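Below: one structure, written as structure tokens.
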Amino acid sequence: MSSGTDLDEHLSLLRRRWLLLVGCVVFGGTAGLALMRLTPPAYTATTQVLVMPVGPQDQPNQVTSRQRESLNLDTEAQIAQSSVVAARAATALGVTAIEPAEVTVPPNSAVLWISVTAAQPATAAAQAAAYAEAYLTNRRQSALTAMAEQQQAVLGKLKQVNAGIDQVIKQLARLPRNSAEHAIAAQRQGVLNRQAASLALKYDALRTVAVTPGTVISQATPPSAPSSPSLPLHLGTGLMAGLLTGSAAAYARDRLDRRLRTPADVERLTGLPVLSDLSSPREHGVLHELACAVVSACPGKRLLIRALPADLYAASLAEPLAVSAPLVVLDGSDVRDLSRADAAVLLIGLGLVTAHDVEAARRQLARHDVPIIGVVTATDAVPSFVPLLEPRTHTPLGKLVATGELEPGGAAETTPMQALHHHPRRPGKQS
């Protein structure tokens with residue numbers, strides 16, 4: 001089956017259950033709007049902070065689109081929204097608790113966007129600014145602490161080197177000048193002197209380095225409009241949820257509904273082949289093709305026509321299509337029809353019967369060993385094109401005008417089906 005056919009079947013199913021689908025969509029949209037009205041407004045303020053490198057950076061950071069120079073912006077973003085910075089910001093504001101911050105890093109930049117969402121615009125702006133100041137203060141103190149530790153480490157190493165120099169000088173005083181031991185000691189003194197000079201330069205650099213953690217380039221201001229709830233978000237989510245729920249409910253309702261409304265429903269729910277569908281305006285040759293299909297599929301000479309529902313009938317003769325066929329058509333009006341039939345065709349009125357009715361008719365025919373060769377469908381929605389049974393005076397064989405007509409006076413066992421008719425339905429006529 002092609003994708004176009006599948007799409008047509010899905011759309012047809014939704015059209016049949018349009019009331020359920022539309023109801024779910026309307027309910028979803030209404031629920032989304034109601035949720036938006038019940039959700040209290042929230043305001044978001046943002047502070048932009050330019051992050052700068054602090055002190056000599058020993059770590060070999062790789063420069064990427066999110067990491068400029070020697071600092072890692074992703075790490076800085078995590079620090080800015082950490083509990084340590086939040087505690088500092090709360091202390092600065094004089095409160096015990098503070099709203100969590102959301103920190104983002106624009107690509108190819110060294111800027112942090114620190115955003116805070118609160119119930120009041122002024123509160124959101126004040127907390128965003130407090131987060132920025134607390135982050136810069138924490139970064140400055142961390143840098144100073146790290147530099148102080150580095151100074152202590154360099155100073156300790158320098159003391160060790162100076163002690164080694166003093167020991168070598170004392171050793172040189174005891175050794176003869178032209179001896180090999182004196183030359184080795186002198187060489188070691190030179191190495192220690194170079195190490196001491198390098199450590200002294202590094203120590204002076206650590207003491208004179210400027211610690212600038214960053215600056216605020218855009219101060220947070222109280223927002224004029226709430227950032228949430230959002231009408232497009234709530235309404236769109238509600239409509240989409242309603243559409244999905246309505247589609248699922250329509251499919252479930254259609255699968256649970258056993259009423260036969262289309263020829264596809266007949267084949268899907270009953271498993272019987274549809275020989276022809278006469279619910280649409282009749283095309284040229286459709287009745288001839290139906291008669292040929294019936295003749296070729298019938299295993300014997302006696303064909304029983306079973307109408308479902310039983311009051312499906314024809315009011316008057318329509319233009320016949322002559323088809324010579326060696327079949328005796330039985331309509332079940334004679335008590336012997338069911339026992340003499342070699343095969344049966346079900347004439348189903350679409351929208352009037354269910355799959356359970358068809359299954360009951362199939363079981364009844366199976367008890368009498370009468371196979372069903374196919375189904376002819378019609379609908380009461382187009383009464384001018386519904387093939388129905390013409391009421392006639394009871395005869396031993398019975399005749400079906402919708403699918404064939406017996407010649408007057410013909411023998412019951414030898415009268416062929418001479419014509420296939422397409423009859424309109426006249427309201428008020430009893431079968």
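What you see is a predicted model, and the numbers here were worked out from it, not measured in a lab. Throughout, numbering of the chain's residues begins at 1 and tracks the sequence.
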Residues forming a side chain to side chain donor-acceptor pair (under 3.5 Å) with E359, sequence neighbours excluded: none
Residue pairs involving residues 342-356 (criterion side chain to side chain donor-acceptor pair (under 3.5 Å); sequence neighbours excluded): T354-D357
Selection residues 221-245 - residue pairs positive for side chain to side chain donor-acceptor pair (under 3.5 Å), sequence neighbours left out: T44-S227
In a table with atom names and distances, give each donor-acceptor pair under 3.5 Å that connects a side chain of residues 268-275 to protein atoms at least two apart or in another chain.
from: R268; atom 1: NH2; to: D265; atom 2: OD1; distance (Å): 3.2
from: T270; atom 1: OG1; to: V266; atom 2: O; distance (Å): 2.3
from: T270; atom 1: OG1; to: L272; atom 2: N; distance (Å): 3.3

Those residues that, when tested against E99, pass salt bridge (charged side-chain N to carboxylate O under 4.0 Å, His left out) (two or more places apart): none
Donor-acceptor contact below 3.5 Å, side chain S82 vs main chain I79: yes
Student check: side-chain heavy atoms of L350 and P263 closer than 4.5 Å: yes
Which side-chain N or O atoms in residues 45-53 pair as donor and acceptor under 3.5 Å with protein atoms at least two apart or in another chain?
from: T46; atom 1: OG1; to: S115; atom 2: OG; distance (Å): 2.8
from: T47; atom 1: OG1; to: A220; atom 2: N; distance (Å): 3.4

Backbone of R194 reached by a side-chain donor or acceptor of S198 within 3.5 Å: no
Ring pair (Phe, Tyr, Trp, His ring centres under 6.0 Å) partners of residues 206-227, not counting sequence neighbours, each pair once: none
Contacts of type side chain to side chain donor-acceptor pair (under 3.5 Å), residue Y131, not counting sequence neighbours: none
Side-chain heavy atoms of Y135 within contact of V103, under 4.5 Å: no
For R88, all residues meeting salt bridge (charged side-chain N to carboxylate O under 4.0 Å, His left out), sequence neighbours excluded: none
pair R140-L144: side-chain heavy atoms closer than 4.5 Å: yes
Qualifying residues under side chain to side chain contact (heavy atoms under 4.5 Å, CB included), relative to L11, sequence neighbours excluded: L7, R15
Contact list for residues 17-45, test salt bridge (charged side-chain N to carboxylate O under 4.0 Å, His left out), sequence neighbours left out: R17-D254, R17-D257
With sequence neighbours excluded, residues passing side chain to side chain donor-acceptor pair (under 3.5 Å) with Q81: none
